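Structure first, then comments.
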Protein chains: 2
Amino acid sequence: MLTERQEEIINKSIEIIATQGIQRLTIKNLSKEIGISEPAIYRHFESKTDILLAILQNFQEVSLYMEKAVRDIKGSVIGKIEFIFSKIIEIFSQEPSHISVIFSEEIFKNEVVLKEKIVEIMSSKQQFIENLIVEGQRNSEIRDDIDYKTLALIVVGALRFIVKQWDLKNQHNNLIEEGKELIEGLKLILTT
Amino acid sequence: MLTERQEEIINKSIEIIATQGIQRLTIKNLSKEIGISEPAIYRHFESKTDILLAILQNFQEVSLYMEKAVRDIKGSVIGKIEFIFSKIIEIFSQEPSHISVIFSEEIFKNEVVLKEKIVEIMSSKQQFIENLIVEGQRNSEIRDDIDYKTLALIVVGALRFIVKQWDLKNQHNNLIEEGKELIEGLKLILTT
DNA sequence: TTTAAGTTAGTGAATATTCACTATATTTGC
DNA sequence: GCAAATATAGTGAATATTCACTAACTTAAA
């Protein structure tokens, strides 16, 4: 369990990553924004790596929670995929700060423990989609002339790419609108 | 035109980014690996940003060259897409160092001039695919029940994702093999 | 003789982290 | 019930290290 201060630290960290980039997430910057001294940070986290790890942990929890919600949905597999798709886009659209963190993989690559966490989160998300697709192929909802792994890769890849582009282009266009168009296309692709 | 030394500097830089991550691309590190002193670097590039810009410029040229090659191909649009797809995977597979650079967008985000270059490269690549798809839709090679932009997004997104995963997972599995499977899937998706 | 390309030896600023110390609660022993 | 002991959360100052970059000098070639 996280203390109030720990929550504050990781929330501020996410905010800094989003608005100023992960490069500017320094202990100095962080402490200043919270309004405490630099050493005070170390009363709550052992190291900067620990802070980043807590951020990733936080994402994992949100992710797992969402998967649980999807599992409880009654209905078609396509409906489930559509739900999770739009949910993710909704989250990113409302809290763009999360995007920067998710796409900071390249920076996390240095720290082995962080990189492993990233891979873990990504793999689990992909496997979840894979399982849905296998289910859909079994009950003939989804085409089975293409391997389930390939289909999952296409779905997740498209999702990542649309979010990434939106982020890079300063969030100019309407992500939710474009997301809807994409999911409609993906539905056609999966079923025909 | 780049001098020999300038070429050496950007090649070493790419190598460092690939093997040690962009964080470790420092002037000190770079000069040591080349075997000259730190200030000597500044005889060839005005700043570190200039070095990174030259790297991106280099990528852009390779990219444009490839697009030119594709344009000269006689044959179906699907064949062209397949060619460019396998070519990209081949390049990344042979020179994994390039992947890290391409995916370092998040780090380039800080420097405005670098970010703009990245967006420029990404946009042009996507537009190239979009044009191919439009052409394919016109001559009934490619399905037209889905918008060309959406189809391009799916193709590029899938390509990016497969490469990214391969990179994150320490290049364990066979990228070329998996790439072939993906392109076969994409061909089915585009045509049916 | 000029100039390009190198050198040594520095710069200030930034980095994560540690130090010794303090004010304020909270818990414990009598 | 209350003093003593301890825990919590903070402080300013300092640590070693790294960063991009610069000033001034040297060398070698055209």
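Keep in mind that what you see is a predicted model, and the values were worked out from it rather than measured. The chains referred to below are lettered A, B, ... by the order of the sequence lines, with proteins before strands, and numbering in each begins at 1.
In summary, the side chains of A:Gln126 and B:Gln165 do present a donor paired with an acceptor at a separation below 3.5 Å, with no hydrogens or angles considered. Between the side chains of A:Glu111 and B:Gln23, no donor-acceptor pair is found at a separation under 3.5 Å. Between the side chains of A:Gln60 and A:Lys117, at least one donor N or O lies within less than 3.5 Å of an accepting N or O.
In this entry the distance linking CG of A:Asn29 with P of C:dA13 reads 17 Å, nearest Å. Rounded to an integer number of Å, the gap from CZ of A:Phe45 to P of C:dA16 is 15 Å. Atom CG of A:Asp50 and atom C1' of C:dT17 are 13 Å apart (whole Å). One atom, CD of B:Gln23, and another, C1' of C:dA16, lie 14 Å apart when rounded to the nearest Å. Separating the CD1 atom of B:Ile36 from the C1' atom of D:dA28 is a distance of 16 Å, rounded to the nearest angstrom. Taking atom CD1 of residue B:Ile34 and atom P of nucleotide C:dT7, one finds them 11 Å apart after rounding to whole Å. Atom C1' of nucleotide D:dT8 and atom CD of A:Gln6 are separated by 13 Å, given to the nearest angstrom. Nucleotide D:dC21 holds its P atom 16 Å from the NE2 atom of B:His44, rounded to whole Å.
For B:Arg43, whose side chain is taken as the heavy atoms from C-beta onward, the closest listed nucleotide among C:dA5, D:dA9, C:dA16 is C:dA5. Side chain of A:Ser47, nearest nucleotide from D:dG10, C:dT17, D:dA20: C:dT17. Closest contact between the side chain of B:Ala40 and the listed nucleotides C:dG6, D:dA20, D:dG10 involves C:dG6. Taking the side chain of B:Pro39 as heavy atoms from C-beta on, and the options C:dA9, C:dT17, D:dA20, the nearest nucleotide is C:dA9. Among D:dG10, C:dT15, C:dC19, the nucleotide with an atom closest to any side-chain atom of A:Lys28 is C:dT15.
Look at B:Arg5 and you'll find a side-chain N or O under 4.0 angstrom from OP1 or OP2 of C:dG6.
Residues B:Ser37 and A:Thr49 both approach DNA chain C. Their nearest nucleotides, taken by heavy-atom distance, put B:Ser37 toward the 5′ side.
Across all strands, A:Ile51 comes closer than 4.0 Å to no nucleic acid atom at all (heavy-atom distances). At a threshold of 4.0 angstrom between heavy atoms, the contacts of A:Leu25 are confined to the sugar-phosphate backbone, with no base atom among them.
The minimum heavy-atom distance linking A:Arg143 with A:Gln137 is given by the pair O-NE2, 3.1 Å.
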- Message: Applying side chain to side chain donor-acceptor pair (under 3.5 Å) to B:Ser86 and B:Lys180, what does each step give before you reach the verdict?
- Response: CA-CA 7 Å; B:Ser86 59; B:Lys180 274 198 187 121; over 6 Å; no

